[in-house]
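None of these values were measured; they are calculated from a predicted model. Heavy atoms only: backbone and side chains are in, while hydrogens, waters and symmetry mates are out. Lettering of chains follows the sequences in order, A, B, ..., and the numbering in each one begins at 1.
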2 protein chains.
Amino acid sequence: MSTAEETAGGDQAGWGEVTPDAARRLLIAAVEAFAERGYHATTTRDIAGRAGMSPAALYIHYKTKEELLHRISRIGHEKALEILRTAAAREGTAAERLADAVSSFVRWHAGGRTTARVVQYELDSLGPEARAEIVGLRRQVDAVVRGIIEDGVASGEFEVRDVRGTTLAVLSLCVDVARWFNIDGPWTPDEVGELYADLVLRMVTAK
Amino acid sequence: MSTAEETAGGDQAGWGEVTPDAARRLLIAAVEAFAERGYHATTTRDIAGRAGMSPAALYIHYKTKEELLHRISRIGHEKALEILRTAAAREGTAAERLADAVSSFVRWHAGGRTTARVVQYELDSLGPEARAEIVGLRRQVDAVVRGIIEDGVASGEFEVRDVRGTTLAVLSLCVDVARWFNIDGPWTPDEVGELYADLVLRMVTAK
DNA sequence: GGCCGCTCTAAGCGCCCGCTCACTGTCGGC
DNA sequence: GCCGACAGTGAGCGGGCGCTTAGAGCGGCC
């Protein structure tokens with residue numbers, strides 16, 4: 001995997017788990033609409049229209065518009081967590097694992113920027129309970145990256161002023177890729193992933 | 001200056017140029033509302049209410065709700081640009097100037113996160129002409145930072161794989177502070193500024 | 001003192017929002 | 001061949017939206 005599964009216009013990575021077909025089409029339409037205009041500026045009529053259905057059809061598969069965002073957000077965060085956990089669990093030095101984590105995480109944010117934008121920037125549009133659940137997933141994301149950095153510090157590979165602050169900065173850097181990345185721009189997702197892995201290693205490596 | 005001019009609840013740095021008084025109160029109310037809920041989820045009734053006025057009063061000072069966002073965005077970007085230009089123009093090595101630029105820029109995003117959040121994340125809610133103007137200001141921001149990095153590369157202080165990509169990463173890192181920074185969290189704006197200046201110098205410094 | 005100009009309000013227009021409901025078409029099981 | 005189950009539709013509801021308008025209050029100027 002990496003970027004092969006993404007298409008130019010609207011990426012849709014692994015929504016295969018969403019069934020039935022109509023529910024998946026609605027969800028993909030919602031991802032595209034939310035990414036383009038934001039949650040609040042997107043109408044249920046727009047989502048249904050993109051999926052080739054009437055506005056009422058949305059409510060057969062989802063209780064509310066917010067449930068759509070919630071489902072998108074949860075699936076996206078689980079995918080992000082899986083990517084990071086895979087990198088963290090591999091064999092190798094802390095530096096190799098961190099580089100792997102950053103490059104694959106960035107690749108996901110760049111290649112799947114439509115999804116990533118919704119997942120990372122529309123959190124505040126969720127209600128309190130849904131948001132609390134997603135915040136829990138984010139804490140796990142943070143813990144995985146912090147774990148790698150702590151390993152590197154323990155082994156003497158890394159030297160950082162503030163583990164928690166550095167972890168936050170690394171994640172912030174990766175996540176923000178979804179905001180500025182443009183598939184028509186000068187870099188491929190792979191190139192940004194490599195550049196960022198290099199930058200992050202410089203941030204943590206002992207001199 | 002730095003963080004002294006900010007208050008705990010809703011920061012308002014230098015809206016002094018906005019007159020008359022009622023227009024300024026409306027603008028500050030709009031900044032707070034946009035930062036909390038986003039542009040599209042904010043109603044003109046909410047803005048007017050926060051300013052202690054009737055909904056209609058808004059339209060005496062501003063043609064539309066979008067004009068409010070435009071004004072906020074322009075003033076904010078001009079302030080950001082001024083901060084970076086001041087740091088870029090000072091005496092010293094490229095490393096000193098870059099550290100100064102990053103720490104003061106981050107301090108502004110952390111201390112004035114209410115304003116910064118609107119300025120940095122609501123750009124897409126502007127119409128085409130207004131957005132084009134703001135994008136122009138952003139290009140100037142990018143040019144200032146890229147200039148410092150190029151100076152450092154020319155003098156041999158810095159060693160980077162990709163000047164343009166590194167510039168983008170540095171700015172992305174600073175800007176994203178507005179998204180996650182919390183005044184009640186473990187760091188002050190000054191501390192984050194210092195930490196980030198250190199991280200950025202590591203990103204660009206020759207080994 | 002009378003009038004103009006400016007700021008601001010109460011009321012409300014027209015529109016489109018999220019969502020609902022009565023109904024239709026279709027398809028598998030007997 | 002009929003029937004229940006259910007995905008999907010067309011029409012439309014209550015409400016809140018951005019914005020407008022008619023007019024009130026009031027300070028400055030001759």
Within the pair [X] and [N], is there a side-chain N or O less than 4.0 Å away from OP1 or OP2?
X: Thr44(A); N: dG18(C); result: yes
X: His61(A); N: dG8(D); result: yes
X: Ser54(A); N: dG10(D); result: no
X: Tyr59(A); N: dC19(C); result: yes

Could you state the atom-to-atom distance from [atom1] of [X] to [atom2] of [N] in whole Å?
X: Met53(A); N: dC19(C); atom1: CE; atom2: C1'; answer: 16 Å
X: Glu67(A); N: dG18(C); atom1: CD; atom2: P; answer: 15 Å
X: Arg24(B); N: dT7(C); atom1: CZ; atom2: C1'; answer: 16 Å
X: Ile60(B); N: dC8(C); atom1: CD1; atom2: P; answer: 6 Å
X: Asp21(A); N: dC6(D); atom1: CG; atom2: C1'; answer: 16 Å
X: Arg37(A); N: dC16(C); atom1: CZ; atom2: C1'; answer: 14 Å
X: Lys65(B); N: dC19(D); atom1: NZ; atom2: C1'; answer: 12 Å
X: His40(A); N: dG16(D); atom1: NE2; atom2: C1'; answer: 14 Å

Between SG of Cys174(A) and CH2 of Trp108(A), what distance do you get to the nearest 0.5 Å?
->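 Here the rounded value is 11.5 Å.
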Once you round to the nearest 0.5 Å, how far does CG of Leu173(B) lie from CG of Leu168(B)?
->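 Result: 11.5 Å between the selected atoms.
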Donor-acceptor pair under 3.5 Å, Arg45(B) side chain vs dG16(D) base =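 Under the 3.5 Å cut-off, the side chain and the base do not form any donor-acceptor pair.
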Start at the 5' end of DNA chain D and walk down; is the nucleotide closest to Arg25(A) or to Lys63(B) reached first?
->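 On the 5' side of the pair lies Arg25(A).
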Of all the nucleotides listed (dC17(C), dT20(D), dG10(D)), which has the minimum atom distance to the side chain of Thr43(A)?
->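 Nearest to the side-chain atoms of Thr43(A), counting from C-beta on, is dC17(C).
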Closest to the Ala56(A) side chain, choosing from dC19(D), dG10(D), dC8(C) |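 Output: dG10(D).
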Inspect the contact between Arg71(A) and Glu66(A) and indicate whether a charged nitrogen and a carboxylate oxygen are less than 4.0 angstrom apart.
->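 Judged by the 4.0 Å cut-off on N to carboxylate O distance, Glu66(A) and Arg71(A) do not form a salt bridge.
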With Arg25(B) as the cation and Trp15(B) as the aromatic partner, state whether NZ or CZ is under 6.0 Å from the six-membered ring centre and within 45° of the axis.
->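 Geometry flag: not set, cation outside 6.0 Å or 45°.
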Check whether the side chains of Trp187(A) and Asp162(B) place a donor and an acceptor atom closer than 3.5 Å, and report yes or no.
->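 Looking only at side-chain atoms, Asp162(B) and Trp187(A) do form a donor-acceptor pair, the distance falling under 3.5 Å.
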